[in-house]
Amino acid sequence: MSVSNATAVINLDIEGPRISRHLYGHFAEHLGRCIYGGFWVGEDSPIPNEGGIRLDVVQALRALDIPNLRWPGGCFADEYHWRDGIGPREQRPSMVNTHWGNVEENNHFGTHEFMALCELLGAEPYISGNVGSGTVREMSEWVEYLTRDGDSPMVRLRKANGREEPWRVKFWGIGNETWGCGGNMRAEYSADLARQYATYCRDHGDNKLYRIASGASDDDYKWTETLMQQISCFGCEATPKNFFQGLSVHYYTLAGPWEAKGSATVFDTADHYRTMVAARRLDRILTGHSTVMDVYDPGRTVGLVLDEWGTWWDVEPGTNPGFLFQQNTLRDALVASTHFDIFHRHAARLYMANIAQTVNVLQAMLLTDGDSLVLTPTYHVFEMNKGHQDATSLTVHLRGDTPRRTVGDTELETLSTSASVKDGAVLISLSNLDAEEPAEVTLDLRGRSVGEPSARILTADRLQDHNTPGTPDTVTPRPFDALKATDQGLTLTLPPHSFVTLSAPLV
């Protein structure tokens, strides 16, 4: 067994951009069992709940310091009409979810229920408006219903439905995937609609909106440029027009082609490495979008929002193909840990990111089955990394024998890392993506001294390992004591396919 030797140089006294806590955001769509059976069980359920909201789910997510939750979609957002989801539940009309399983929904989980959920979570709401099949007036009135005080038709309607005071709702998505399920639009048409809808999404009182225009898929940099042209000019120093404050991009990690994405749990080492190559490709994609935005917004006043990301596998055998239920293994956790390192490097432009999705769908945090709840390996990455939220980023310089694997015609760096400082402590995250070989890493810590470090590790015997109701702790964090003090700082050996977080006080 060979061991690579790499040195990570970290200048503890040279601080970079702040890592927005919103990079640790989440996404809940009316899709499969994410809402119904996930967040929402109804007030008559024997599962402990508050107003129909499942409390074990709330408790688990609060432990992550969840910063925001995006709702109601996704593709569902552009067929959702918010007025159908308010008022007495027994009087709400049902609807057909044509995007996801063609199932009928009773609209029992609507605006008031979502806002109650966010209050229980301590999370900021992020609402995606209906541009694909809705109207400007519909979205404008939704903003008014939620955020306006005083007296107006929408205020009176909200009060009639039991809510006297307005809510604070900062984040609003202007459509979703308008290039696809949100209307199959051209970039130019979508950009015009973004200006129009943003105009009528008003700031009411002191509730200032952060409007997020529906942006590109993957590396469609032309779409991003078309949006930026609506608010600024090429290479000029003018302050961008204030139509929208952010624009989105979506990127999913796949090991194979869309029509044959592969199994979440049955895969080999070659599949794992292809997945890691795809995960690391996000760095180049964010760099491309950021570069385009820099030309039109050199002051970086407009945020880039990765409001859908994660792994996407074939659904578990025997489940509804429209419900997108997949298991979650150590491989998925390493995709998440690698993504967070990338997010931290792009903290100057990237303002928010939302994993798809929170419960029972795609790369979920939580899996529910009746009254049981399972924390996935990905959940544990969020928990181990939560100290990076609103911390100040530190640049990590890798030198020496940086471990690599040749994957097809690509060189895959198998060591991923990032670091930050907050509240007088440093937090360093390290991932060894190599499926077979350990990696010895020297942390060359400069500029300040550190006190006694502590560390945790997330790994398992196999990359395919995952948690189930019967075996909930197969992949769970454990103390990691294999640290050695050196003249430079610290040395540690990362086992194959492992994720480690190390924290130490600054002295």
Side-chain angles (χ1 to χ4, degrees), residues 8-27 64-68 70 123-124 126 170-171 210 212 215-216 224 228 240 245-251 279-310 335-355 381-398 413 415-431 447 499 501-503 506:
V9 179
I10 304 174
N11 293 293
L12 299 173
D13 58 340
I14 302 178
E15 299 182 350
R18 184 179 65 86
I19 298 169
S20 167
R21 68 184 183 280
H22 293 296
L23 297 181
Y24 286 78
H26 297 262
F27 176 28
L64 301 181
D65 296 339
I66 174 175
N68 68 71
R70 181 178 181 236
E124 290 195 55
Y126 170 14
K170 176 180 179 179
F171 300 115
Y210 190 95
I212 301 168
T224 293
M228 293 303 297
Q245 292 70 50
L247 54 89
S248 70
V249 61
H250 290 176
Y251 180 75
R280 297 213 100 171
R281 181 171 175 255
L282 177 64
D283 194 10
R284 180 162 57 86
I285 286 174
L286 293 180
T287 298
H289 290 291
S290 297
T291 301
V292 172
M293 295 174 74
D294 284 347
V295 174
Y296 294 87
D297 176 31
R300 294 179 175 172
T301 61
V302 180
L304 184 59
V305 175
L306 181 70
D307 55 14
E308 289 188 29
W309 68 270
V335 170
S337 65
T338 301
H339 271 40
F340 282 129
D341 292 337
I342 294 169
F343 296 169
H344 301 163
R345 288 196 291 275
H346 288 271
R349 174 69 77 177
L350 191 66
Y351 179 69
M352 181 190 289
N354 305 76
I355 191 168
V381 172
F382 273 73
E383 189 277 325
M384 292 169 70
N385 247 11
K386 68 180 182 180
H388 289 299
Q389 294 187 28
D390 281 339
T392 301
S393 63
L394 299 172
T395 300
V396 180
H397 302 277
L398 290 177
E413 292 187 17
L415 175 63
S416 178
T417 185
S418 63
S420 69
V421 290
K422 184 174 71 171
D423 299 331
V426 60
L427 176 61
I428 304 172
S429 299
L430 305 106
S431 299
F499 171 59
T501 56
L502 181 153
S503 61
L506 299 174

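Just so it is clear, the values below take in all heavy atoms, side chains as well, and ignore hydrogens, waters and symmetry mates. Every value quoted in this text rests on a predicted model; they were computed, and no experiment measured them.
Considering only heavy atoms from C-beta on, Met352 stays 4.5 Å or farther from Leu306 through its side chain. Taking 4.5 Å as the limit, every side-chain heavy atom of Tyr251 sits out of range of all side-chain heavy atoms of Leu286. Using a 4.5 Å heavy-atom threshold, the side chains of Leu64 and Glu383 count as touching. Between Leu506 and Val426 there is a side-chain heavy-atom pair separated by less than 4.5 Å.
The existence of a salt bridge linking Asp65 and Arg21 is excluded, since no basic side-chain nitrogen approaches an acidic carboxylate oxygen closer than 4.0 Å.
Here OG1 of Thr224 is found 7.0 Å from CG of Leu304. Values are rounded to the nearest 0.5 Å. Leu23 CG to Ile342 CD1: the interatomic distance, rounded to the nearest 0.5 Å, is 12.0 Å. Rounding to the nearest 0.5 Å gives a distance of 5.0 Å between OH of Tyr24 and NE2 of His388. With rounding to the nearest 0.5 angstrom, the CG atom of Asn68 is 7.0 Å from the CD1 atom of Ile66. Note that NZ of Lys422 and OG of Ser503 are 12.0 Å apart. Values are rounded to the nearest 0.5 Å. Ser290 contributes atom OG, which lies 7.5 Å from atom CG of Leu350 (distance to the nearest 0.5 angstrom).
In summary, the aromatic rings of Phe340 and Phe382 are positioned with their centroids under 6.0 Å apart. The distance between the ring centers of Tyr126 and His22 does not fall below 6.0 angstrom.
Smallest separation of non-hydrogen atoms from Phe499 and Thr501: CZ-CG2, 3.5 Å. Of all heavy-atom pairs spanning Asn354 and Phe27, the tightest one is CB-CB, 4.2 Å. Smallest separation of non-hydrogen atoms from Trp309 and Ile355: NE1-N, 3.3 Å. When all heavy atoms of Ser420 and Gly387 are compared, the closest pair comes out as OG-O, 4.4 Å. Scanning both residues, Thr417 and Ser429, for their nearest heavy atoms gives OG1-O, 2.7 Å. The nearest pair of heavy atoms linking Gly303 to Tyr351 is CA-CB, 4.3 Å.
With Arg280 contributing its side chain and Thr338 its backbone, the two residues share no donor-acceptor pair below 3.5 Å. The backbone N or O of Val302 lies less than 3.5 Å from a partner atom in the side chain of Arg349, making a donor-acceptor pair. The main-chain N or O of Gly215 is found under 3.5 Å from a side-chain atom of Ser248 such that the two form a donor-acceptor pair. With hydrogens and angles disregarded, no donor-acceptor distance shorter than 3.5 Å links the side chain of Tyr210 to the backbone of Lys170.
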Check the pair Asp307, His250 against side chain to side chain donor-acceptor pair (under 3.5 Å), reporting the backbone distance first and the verdict last. CA-CA 6 Å; Asp307 55 14; His250 290 176; 2.5 Å; yes

Could you walk me through whether Asp341 and Val396 pass side-chain contact (heavy atoms from CB on, under 4.5 Å), step by step? CA-CA 10 Å; Asp341 292 337; Val396 180; over 6 Å; no

Val295 and Met228: side-chain contact (heavy atoms from CB on, under 4.5 Å), yes or no, with the steps? CA-CA 9 Å; Val295 174; Met228 293 303 297; over 6 Å; no

Are Ile212 and Gln245 close enough, and set up right, to give a side-chain contact (heavy atoms from CB on, under 4.5 Å), and what steps lead you there? CA-CA 6 Å; Ile212 301 168; Gln245 292 70 50; over 6 Å; no

Under the side-chain contact (heavy atoms from CB on, under 4.5 Å) rule, what do Asn11 and Thr395 come out as? Steps first, then yes or no, please. CA-CA 7 Å; Asn11 293 293; Thr395 300; over 6 Å; no

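When only modelled atom types and interatomic distance are considered, Ser393 and His344 share no side-chain donor-acceptor pair under 3.5 Å.
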